[in-house]
Amino acid sequence: QVQLVESGGGLVQPGGSLRLSCAASRRIFSTKDMGWYRQAPGNQRELVASITTAGSTHYADSVKGRFTISRGNAENILYLQMNNLKSDDTAVYYCKVDLWGLVYWGQGTQVTVSS
């Protein structure tokens, strides 16, 4: 069993930056991928960014060039660096780990972009 805990969310002005962190409760091996999703009120949960064990990354078109996903394997930590934040980025952000069919989600962290 894996517990995921997100941190780093908060209130930020447009154009500002935040770095989200996701810490796993134990070491994780051979993940299919790890990623960040977000869900705004009334919307479906959507993929923001993902990274494979090999290091390949994928980004939603809406965040390309602004967000960067990275991982620290030894620490079991996943990061999402968010720059040039926009109001449309406001959502609850969730960390997800896919262990080849066993999927774990964090509780989410609120990101609010507002002036």
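All of these numbers come straight from a predicted model, not from anything done at the bench.
The hydrophobic clustering, which links ILVMFWY residues whose side-chain heavy atoms are closer than 4.5 Å, places Leu47 and Leu99 apart. Both Leu20 and Tyr104 belong to a single network of hydrophobic side chains, linked directly or stepwise wherever heavy atoms of I, L, V, M, F, W or Y lie under 4.5 Å apart. If you chain together hydrophobic residues whose side chains sit under 4.5 Å apart, Leu11 and Phe67 never meet in one group. Using a 4.5 Å cut-off between side-chain heavy atoms of Ile, Leu, Val, Met, Phe, Trp and Tyr, with links allowed through other members, Trp36 and Val92 fall into different hydrophobic clusters. No continuous path of hydrophobic side-chain contacts links Leu102 to Val5 [ILVMFWY only; heavy atoms under 4.5 Å].
In this structure, the side chain of Asn76 does not engage the main chain of Ala24 through any donor-acceptor pair within 3.5 Å. Ser25 places a side-chain N or O within donor-acceptor distance of the main-chain N or O of Gln3, the cut-off being under 3.5 Å. No donor-acceptor pair under 3.5 Å is formed between the side chain of Arg19 and the backbone N or O of Gly9. When atom types are taken as modelled, the side chain of Arg66 and the backbone of Gln81 share no donor-acceptor pair closer than 3.5 angstrom. Looking at Thr90, its side chain does come within 3.5 Å of a backbone N or O of Val113 through a donor-acceptor pair.
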Test side-chain contact (heavy atoms from CB on, under 4.5 Å) applied to Tyr93 and Leu80, step by step
CA-CA 10 Å; Tyr93 284 70; Leu80 183 68; 4.2 Å; yes
Yes or no on side-chain contact (heavy atoms from CB on, under 4.5 Å) for Leu4 and Val97, after CA distance, side-chain angles and deciding distance?
CA-CA 8 Å; Leu4 304 175; Val97 175; 3.7 Å; yes
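Between Glu6 and Thr109, the side chains place no donor N or O within less than 3.5 Å of an acceptor N or O (distance only, hydrogens not considered).
Of the inter-residue distances, the one linking Ser21 atom OG with Ile77 atom CD1 reads 6.5 Å to the nearest 0.5 angstrom. Rounding to the nearest 0.5 Å gives a distance of 6.0 Å between OG of Ser50 and CD1 of Ile69. To the nearest 0.5 Å, atom CZ of residue Arg71 and atom OG1 of residue Thr53 are 6.0 Å apart. Ile51 contributes atom CD1, which lies 7.0 Å from atom OG of Ser70 (distance to the nearest 0.5 angstrom).
In summary, Lys96 and Asp33 do not engage in a salt bridge, as defined by a charged side-chain N under 4.0 Å from a carboxylate O. Lys64 has a carboxylate O that lies under 4.0 Å from a charged side-chain N of Asp61, or vice versa, which qualifies the two as a salt bridge.
Taking the side chain as every heavy atom from C-beta outward, Met82 and Thr68 never approach each other to under 4.5 Å. By the 4.5 Å heavy-atom criterion applied to side chains, Tyr94 and Arg38 are not counted as neighbours.
No option in Leu18, Val63, Thr112 other than Leu18 meets the side-chain contact (heavy atoms from CB on, under 4.5 Å) test with Leu85.
For Gln107, the CD atom sits in a loose shell: 12 or fewer heavy atoms of surrounding residues, nucleotides or ligands are nearer than 6.0 Å.
Close placement of the Trp105 and Tyr37 rings is indicated, their centers lying within 6.0 Å of each other.
Listed here is the closest heavy atom pair of Ala40 and Ala91: N-CB, 3.8 Å.
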